[in-house]
Protein chains: 2
Amino acid sequence: MIDAAGLRVMKAIQDEGSFTAAAAALGFTQPAISQMVRRLEQRTGTVLVERLGRSVRLTEAGEVLARYAGTVLAALDAAEEEVAAIAGLRSGRVRLMAFPSSSATVVPHALALVKRRYPDVSVTFHEAEPPESLAALKAGECDLAVAFSWEGLDLSDIQDDLDSLSVTKLLDDEVRLALPSQHPLAGEKSLDLKELAEEPWIAGCPKCRGHLLHLAHEAGFTPDVAFETEDYVAVQGLVAEGLGVALIPDLILSSAHHPEVVALPLTQSSRREVFAVTTPDLARVPAVAATIEALVEAAEVHG
Amino acid sequence: MIDAAGLRVMKAIQDEGSFTAAAAALGFTQPAISQMVRRLEQRTGTVLVERLGRSVRLTEAGEVLARYAGTVLAALDAAEEEVAAIAGLRSGRVRLMAFPSSSATVVPHALALVKRRYPDVSVTFHEAEPPESLAALKAGECDLAVAFSWEGLDLSDIQDDLDSLSVTKLLDDEVRLALPSQHPLAGEKSLDLKELAEEPWIAGCPKCRGHLLHLAHEAGFTPDVAFETEDYVAVQGLVAEGLGVALIPDLILSSAHHPEVVALPLTQSSRREVFAVTTPDLARVPAVAATIEALVEAAEVHG
DNA sequence: GACAGTCTATAACCGGCCGTTATCGACCAG
DNA sequence: CTGGTCGATAACGGCCGGTTATAGACTGTC
């Protein structure tokens, strides 16, 4: 019934003392004010302005509206400014989820970039493996996920949603073969997976285990998975102790490379693709877009 | 840029969880909400709503708007209610000015009526003689004046403004001749002014003094004004002591009649008219109108 | 896996709000 | 008395903001 425009007019009349002056102050013409007041008066069913010959004065009811105008207009301005701050990257929040091996390298770098460029944008960060982070994204519990998919293999995870999600390629992460440095093959330039068919294997996260099984299957053997852990530091520890061999993405090694472990290229040349994933809507949120951009740049360095 | 309607929509979306439900809650159709959101988004330049398949969820910026909606809508409702209270006589203020002899009789009665009917309407009251009260009315310092004008004589005071002011007749106030009860003529049924031409006179307020001089002139003499005071209790005291005679409006006698003073009708039959005066605008303010109505009723009793 | 139900997006339409310009009448000053 | 200023009003027009109709997309179910 009463809107902000009406209050603004009443306040201008009170401040300026005449319709004409109020109109000038608001950038309107005088008749606009005249009939705005008339509308307000017939809506409220009360006289709001006392017309004196020279000037006008608000009645009690008019003063009530003018008084509230301050509150309401201030709140509207504050809301507008707060939204503008988010749009202008002077504020904003991004809830990021990334898988562990990116957490140590690309992600911190990207966060540093964002923080330097937009000090008031806050990026909160949780570790999560791809299926979990994508679920969180759909559930609205995060705004941006850094995920990966094995080349050719389970692209379906993301491919499924490629139209319903906004996917930005960050980098290709070459997978390597980790051997104890004392291993007889440790001196090779590269290895075929098959050469390690008899070794005990150490598997990483469930997806990585799946990838290992897939590669081994293609190579014609079924690996003996002796250990499983999602912690790649632990994986390397196990490898260093000679308890098995493992596939380790390059990305991890660039942040934590056990000195007793050598990482050799696979002749099968398998890689995983790392993506920044968000919803099409969120991709247009400035803070999210800025974070994605920073991730891309960080990936160029780390790739 | 952002208006209350937009905020209301954002809040409804947040509360209801979908455009359709929000539309139902606000009494709109779904497309109305759809394009309202779109407008808001292109005005703010930000994504406000995240479209998920089933439902929708507000983005950070959207939540900002929804949060402010509470404040703004509450203030608007409060303003509306406060104005409605004034319109509905559940609130309101009337600044009344009345001349002294009405203050003792009609006005208190009227104020009691208003107070009984509309307990929350507050009528403040100041005494003032007509020229002063009308000036205050024009200056916006009071809302309603109870004034008088002498029959036939200085109607011009109000007549001038009869079109620019709202004038309501309250009563005719017969003027009487006040004599000490011991006066030789005190036993008469009525007196001609001329019979007291030789007496010393006691005059009231300036206007009343003017009236006295006018009547005496018509009667063919110039009165010897021995005392002047605006206080009619004092006037009666002076009369009672035999220091002079006076013209006293009936209205005063009905509230304060000195026992040693007799008040006889004039054969000239002069009266003053008592009016409630306000501006045309203020006459439409419910509390003012109610007060005028009460004054009219009170005047019927006292007339 | 197809279908039904439900939700949003979009197009097309349209009425009324809310501005504008033009003009008049009232008031005050010089 | 006359000119300047202020408010009211009429006439007009753009566009905002609603409507209906319909299409497209996702979900849950059989």
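In what follows, every chain begins at residue 1, and chains take the letters A, B, ... in the order their sequences are listed.
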[atom1] of [X] versus [atom2] of [N]: gap in Å, rounded?
| X | N | atom1 | atom2 | answer |
| --- | --- | --- | --- | --- |
| Gln30(A) | dC18(C) | CD | P | 17 Å |
| Phe28(A) | dC17(C) | CZ | P | 17 Å |
| Arg8(A) | dG19(C) | CZ | C1' | 15 Å |
| Lys138(B) | dA26(C) | NZ | C1' | 14 Å |

For the pair Leu26(A) and Val9(A), evaluate side-chain contact (heavy atoms from CB on, under 4.5 Å) and give the outcome as yes or no after the intermediate values. CA-CA 8 Å; Leu26(A) 296 178; Val9(A) 166; 3.9 Å; yes

Decide yes or no for [X] and [Y]: does some side-chain heavy atom of the first lie under 4.5 Å from some side-chain heavy atom of the second?
| X | Y | answer |
| --- | --- | --- |
| Leu144(A) | Leu295(A) | yes |
| Thr71(A) | Leu7(A) | no |
| Glu41(A) | Val49(A) | yes |

Applying the Watson-Crick and G-U criteria (both distances under 3.5 angstrom) with [ ] for crossing and | for other-strand pairs, one obtains for DNA chain C ||||||||||||||||||||||||||||||

With a 4.0 Å heavy-atom cut-off, tell me which residues in [range] come close to DNA chain D, sorted by residue number.
| range | answer |
| --- | --- |
| residues 31-38 of chain A | Pro31(A), Ser34(A), Arg38(A) |
| residues 40-51 of chain B | Arg43(B) |
| residues 67-75 of chain A | none |

Between residues 16-27 of chain B and DNA chain C, which residues have a heavy-atom gap below 4.0 Å?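 Those residues are Ser18(B), Phe19(B), Thr20(B).
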
Look up atom [atom1] in [X] and atom [atom2] in [Y], then write down how far apart they are to the nearest 0.5 Å.
| X | Y | atom1 | atom2 | value |
| --- | --- | --- | --- | --- |
| Asp77(A) | Met1(B) | CG | CE | 11.0 Å |
| Met10(B) | Leu48(B) | CE | CG | 4.5 Å |
| Thr20(A) | Phe28(A) | OG1 | CZ | 14.5 Å |
| Arg271(A) | Asp173(A) | CZ | CG | 9.5 Å |
| Thr291(A) | Tyr118(A) | OG1 | OH | 9.5 Å |

Review point. Of the non-hydrogen atoms in Ala5(B) and Met36(B), which two are nearest, and what is the gap between them?
Key: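 Shortest heavy-atom contact: C-CE, 4.0 Å.
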
| query | Considering only dG7(D), dG18(D), dT21(C), which nucleotide approaches the side chain of Arg39(B) most closely? | reply |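 My answer, after comparing the listed nucleotides, is dG18(D).
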
Check: Going through the checks in order, is the side-chain contact (heavy atoms from CB on, under 4.5 Å) test met by Thr59(B) and Asp281(A)?
Finding: CA-CA 9 Å; Thr59(B) 65; Asp281(A) 293 323; 5.7 Å; no

message = Would Leu165(B) and Leu137(B) count as a side-chain contact (heavy atoms from CB on, under 4.5 Å) here? Give the steps.
response = CA-CA 10 Å; Leu165(B) 288 178; Leu137(B) 188 63; 4.1 Å; yes

Decide, yes or no, whether a salt bridge links Arg209(B) with Glu129(B) under the criterion of side-chain N to carboxylate O below 4.0 Å.
no

Review point. Short question: side chain of Thr46(A), backbone of Thr44(A) - any donor-acceptor pair under 3.5 Å?
Key: yes

inquiry  = I'd like to know whether Arg51(A) forms a side-chain contact (heavy atoms from CB on, under 4.5 Å) with Val37(A), so could you lay out the CA-CA distance, the side-chain angles of the two residues, the decisive distance to 0.1 Å, and finally the verdict.
reply    = CA-CA 11 Å; Arg51(A) 279 80 165 174; Val37(A) 170; 3.8 Å; yes

Listing, residues 80-100 of chain B side-chain donor-acceptor contacts under 3.5 Å, not counting sequence neighbours, or none:
from     : atom 1 : to        : atom 2 : distance (Å)
Glu81(B) : OE1    : Arg90(B)  : NH2    : 3.4
Glu81(B) : OE2    : Arg90(B)  : NH2    : 2.9
Glu82(B) : OE1    : Tyr68(A)  : OH     : 2.7
Glu82(B) : OE2    : Arg67(A)  : NH2    : 2.6
Arg95(B) : NE     : Asp143(B) : OD2    : 3.1
Arg95(B) : NH1    : Gly140(B) : O      : 3.3
Arg95(B) : NH2    : Gly140(B) : O      : 3.3
Arg95(B) : NH2    : Asp143(B) : OD1    : 2.7

Sorted by position of nearest nucleotide on DNA chain D, 5' first, the leading residue of Asp3(B) and Leu52(B) is Asp3(B)

